Amino acid sequence: QVQLVESGGGSVQTGGSLRLSCEASGRTLSYAMGWFRQAPGKERDVVATISTSGVVRNYADSVKGRFTISRDNAKNTVYLQMNSLKSEDTAIYYCAASTRSSSDYGAYAYWGQGTQVTVSS
């Protein structure tokens with residue numbers, strides 16, 4: 001069983017930055033991790049994923065070059081550094097754990113409660 005707790009969300013102006021953290025209870029070394037987001041009235045979409053070792057990272061096209069996913073296995077924590085934020089990045093951001101790297105949210109068995117990110121001009 002893995003429990004995930006996100007933090008770091010908030011309100012920021014267009015062009016600003018935020019860093020989200022996801023702290024996991026228990027050992028997460030065997031889990032690939034992902035960040036997803038869901039805007040009002042829209043489906044939950046993948047933002048970024050990272051393999052168990054941290055070597056393989058994948059990003060949604062909409063965030064490439066602006067967001068960076070990383071993990072510190074010693075701290076059981078996954079991060080999402082978000083730069084050059086846009087209004088369309090406004091959403092609830094969730095971290096999730098899976099036994100395999102995937103962009104499909106159905107592959108993720110464990111989810112955090114989400115953290116709100118609001119970007120305004």
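Note that the coordinates shown come from a computational prediction; the quantities given were computed from them, not determined experimentally. Each residue takes its place number in the sequence, starting with 1.
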Residue pairs involving residues 74-121 (criterion disulfide (SG to SG under 2.5 Å); sequence neighbours excluded)
Cys22-Cys95

Compute the centroid of each ring, for Tyr31 and then for Tyr110, and state whether the two points are separated by less than 6.0 Å.
yes

Close side-chain approach of Thr118 and Val12, heavy atoms under 4.5 Å:
no

Give me the ring orientation class for Phe67 and Tyr93: parallel if the planes are under 30° apart, tilted from 30 to 60°, perpendicular past 60°.
tilted

Is there a side-chain contact (heavy atoms from CB on, under 4.5 Å) between Gln116 and Thr90? Walk through the geometry before answering.
CA-CA 8 Å; Gln116 177 71 46; Thr90 296; 4.0 Å; yes

Any idea which heavy atoms bring Gly114 and Ile92 closest together, and the distance?
CA-CG2, 3.9 Å

CD of Glu23 to NZ of Lys75: how many Å apart, nearest 0.5 Å?
10.0 Å

Side chains of Leu85 and Leu18: closer than 4.5 Å at any heavy-atom pair?
yes

I need the Asn58 CG to Thr49 OG1 distance, nearest 0.5 Å.
4.5 Å

Please list, chain by chain and in numerical order, all residues satisfying side chain to side chain donor-acceptor pair (under 3.5 Å) with Arg100, sequence neighbours excluded.
none

After noting the C-alpha distance and the side-chain angles of Ser17 and Asn83, does the key distance pass the side chain to side chain donor-acceptor pair (under 3.5 Å) rule?
CA-CA 4 Å; Ser17 298; Asn83 298 328; 2.9 Å; yes

For Met82 against Leu20, the heavy-atom pair lying closest together
CE-CG, 3.7 Å

For residues Phe36 and Val2: do they belong to one hydrophobic cluster (side chain heavy atoms under 4.5 Å, members Ile, Leu, Val, Met, Phe, Trp, Tyr)?
no

So does Asp89 pair up with Lys86, basic N to acidic O under 4.0 Å?
no

Hphob cluster co-occupancy, Val119 + Tyr59, side-chain heavy atoms under 4.5 angstrom
yes

Quick check: do Arg37 and Ser62 have side-chain heavy atoms less than 4.5 Å from each other?
yes

Within one Ile-Leu-Val-Met-Phe-Trp-Tyr cluster: Val46 and Ile50, side-chain cutoff 4.5 Å
no

On a heavy-atom basis, the closest approach of Leu80 and Ala48 is CD1-CB, 4.3 Å

Can you see whether Tyr94 has Arg44 sitting over its ring - NZ or CZ less than 6.0 Å from the centre and within 45° of the normal?
yes

Does Gln13 CD have over 12 foreign heavy atoms under 6.0 Å away?
no

Nearest 0.5 Å, what's the CZ-OG1 distance between Arg19 and Thr68?
11.5 Å

Relative to Tyr79, does Arg71 satisfy both conditions: NZ or CZ under 6.0 angstrom from the six-membered ring centre, and within 45 degrees of the ring's axis?
no

If I compare all heavy atoms of Ala97 with all of Leu4, which pair ends up nearest, and what's the gap?
N-CD1, 3.8 Å

Short side-chain to backbone donor-acceptor contact, Ser98 and Ala107, under 3.5 Å:
yes

Heavy-atom pair of closest approach, residues Tyr105 and Trp111:
O-CZ2, 3.5 Å

Can you tell me how far the CD atom of Glu43 sits from the CD atom of Gln38, to the nearest 0.5 Å?
8.5 Å

Say you draw a straight line from CZ of Arg57 to CE of Met33; how long is it, rounded to the nearest 0.5 Å?
13.5 Å

Residues, nucleotides or ligands: over 12 heavy atoms within 6.0 Å of Gln113 CD:
yes

Asp45 CG to Trp35 CH2 distance, which is reported to the nearest 0.5 Å:
16.0 Å

Closest contact, heavy atoms only, Thr52 versus Asn73:
O-ND2, 3.2 Å

